[in-house]
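Working notes, structure below.
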Amino acid sequence: MTIKKVTVQKATVEKARELGFCFGVRRAIQVVEEAAGRLGALNTLGPVVHNQRVVDKLEALGVKAVGEAGEVSGVVALPSHGAPPQVVAGLKQRGVEVVDATCPMVRRAQKAAHELAAAGFKVVIFGDAQHPEVRGVLGWAGEEATATLDAASVSFRRWPKKLGILSQSTQNAESFATFVSQLLARALEKATEVRVVNTICHATRERQQAALELARRSDLMLVVGSFTSANTRQLARLCSQVAETHQVEGPQDIELSWLEGKSRVGVTAGASTPDEAVGEVVARLEELCGAAGGDASGRR
Ligand code: F3S
């Protein structure tokens, strides 16, 4: 086997001015930790946040993530991305105590969807229909509500007179604006009233802005976070538009070959990525960027 020699020059490593845990994630973890401290053990409806390291830490405190509401009894915590009201009502009917760790920004989107539906609007959500947050908001959004990332795929039995448009909290503002204008072009033939509620959360917007600023002055960007985290993937997608970008879950994923010829390395992290993971990636980068020579697997 030929081992490709990789030469790494000295490089600066800079973190984005806003990165990692957002307030909704911190709050959700705190709510669940407090409940676990009070009760000894509890279940959560899916992972509290999309990060395995956080899930493992909570598991050590007696917190177990379950996939289906039907599997739980006793006490269950809702995750930061919330749940559909029908699921919560079903749990309560079965006598399950519900601890609500839903992020207030997700709660705001649920409330907006509910108010639009109650006022007779058909709701369209700009987001991944399979994501738990979007499934939860859809539950509040009334009959015929739909979620998609593609405006061309939106269809109704009859195009409504009143149309409401929301976004998944972790989407990108520019993409949401494009989606809205594409949907408007189709809806305005029938619609007499269109309401757009910007439910992209502040933390997402700040992290995306900071990541882009850093990416513009970097020649390599590493985005730290789980591949199941929508906002982390979104950060990686944005950064890749302006610099070479790789998503990593931890320092073990860094490949030495990425650093070849790079002098400015930027680091950002998704809203569900713990500080320790970011710290470990930065420490490994600093170690590698001071090193010269090695093989493509990262061995030195
Ligand atoms: Fe909430 Fe936004 Fe964080 S929706 S969980 S503050 S990324």
Between [X] and [Y]: side-chain donor-acceptor atoms closer than 3.5 Å:
X	Y	answer
Asp100	Thr102	yes
Arg107	Gln110	yes
Arg237	Gln234	yes

Hey, are the side chains of [X] and [Y] touching, using non-hydrogen atoms and a 4.5 Å cut-off?
X	Y	answer
Asn198	Arg205	yes
Glu33	Leu58	yes
Val54	Val48	no
Pro79	Leu45	yes
Gln247	Arg233	yes
His202	Phe23	no
Phe21	Thr273	no
Cys103	Glu133	no

Query - Full working for side-chain contact (heavy atoms from CB on, under 4.5 Å) between Glu280 and Val224 - result: CA-CA 10 Å; Glu280 287 167 11; Val224 191; over 6 Å; no
More than 12 heavy atoms of other residues, nucleotides or ligands under 6.0 Å from [atom1] of [X]: yes or no?
X	atom1	value
Gln241	CD	yes
Lys15	NZ	no
Lys57	NZ	no
Glu174	CD	no

Is there a path of hydrophobic side-chain contacts, each under 4.5 Å between heavy atoms of I, L, V, M, F, W or Y residues, that connects [X] with [Y]?
X	Y	answer
Val278	Leu220	yes
Ile200	Val124	yes
Leu184	Phe179	yes
Leu188	Val180	yes
Val13	Leu214	no

Query raised in the report: When you check the gap from the basic side-chain N to the acidic O, do Glu115 and Lys111 get nearer than 4.0 Å?
Result: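 Looking at Lys111 together with Glu115, the answer is yes, because their closest N to O distance falls below 4.0 Å.
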Rounded at 0.5 Å granularity, tell me how far [atom1] in [X] sits from [atom2] in [Y].
X	Y	atom1	atom2	value
Arg217	Thr12	CZ	OG1	9.5 Å
Leu61	Asp56	CG	CG	11.5 Å
Ser240	His246	OG	NE2	10.5 Å
Thr192	Leu163	OG1	CG	10.5 Å
Leu212	Met221	CG	CE	8.5 Å
Glu144	Phe121	CD	CZ	15.5 Å

Closest approach of [X] and [Y], non-hydrogen atoms and distance?
X	Y	answer
Val137	Ala109	CG1-O, 4.0 Å
Glu18	Thr268	O-OG1, 4.2 Å
Leu78	Ala101	O-CB, 3.1 Å
Leu166	Ala113	CD1-CB, 3.7 Å
Arg17	Ala210	CG-CB, 3.8 Å
Thr232	Ser272	OG1-OG, 4.5 Å

Query raised in the report: Would you call the rings of Trp159 and Phe156 parallel, tilted or perpendicular, where under 30° means parallel and over 60° means perpendicular?
Result: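 If you compare the ring of Trp159 with that of Phe156, the planes turn out perpendicular.
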Query raised in the report: For the residue pair His81 and His50, does the interplanar ring angle fall in the parallel (under 30°), tilted (30 to 60°) or perpendicular (over 60°) class?
Result: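 If you compare the ring of His81 with that of His50, the planes turn out parallel.
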Please check this pair: side chain of [X] against backbone of [Y], looking for a donor-acceptor N/O pair closer than 3.5 Å.
X	Y	value
Gln86	Gly139	yes
Arg284	Gln252	no
Arg207	Ala203	yes

Requested in this report: Evaluate the side-chain contact (heavy atoms from CB on, under 4.5 Å) criterion for residues Ser175 and Thr178: first the C-alpha distance (whole Å), next the side-chain angles of each, then the deciding distance (0.1 Å), finally the verdict.
Outcome: CA-CA 5 Å; Ser175 313; Thr178 306; 5.6 Å; no
Query - Contact list for residues 91-115, test ring-ring contact (aromatic ring centres under 6.0 Å, His included), sequence neighbours left out - result: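 For residues 91-115: His114-Trp140.
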Requested in this report: Begin from the C-alpha positions of Val32 and Val99 and carry the test side-chain contact (heavy atoms from CB on, under 4.5 Å) through to its verdict.
Outcome: CA-CA 8 Å; Val32 171; Val99 173; 5.8 Å; no
Requested in this report: Evaluate the side-chain contact (heavy atoms from CB on, under 4.5 Å) criterion for residues Leu222 and Trp258: first the C-alpha distance (whole Å), next the side-chain angles of each, then the deciding distance (0.1 Å), finally the verdict.
Outcome: CA-CA 10 Å; Leu222 293 194; Trp258 299 342; 3.8 Å; yes
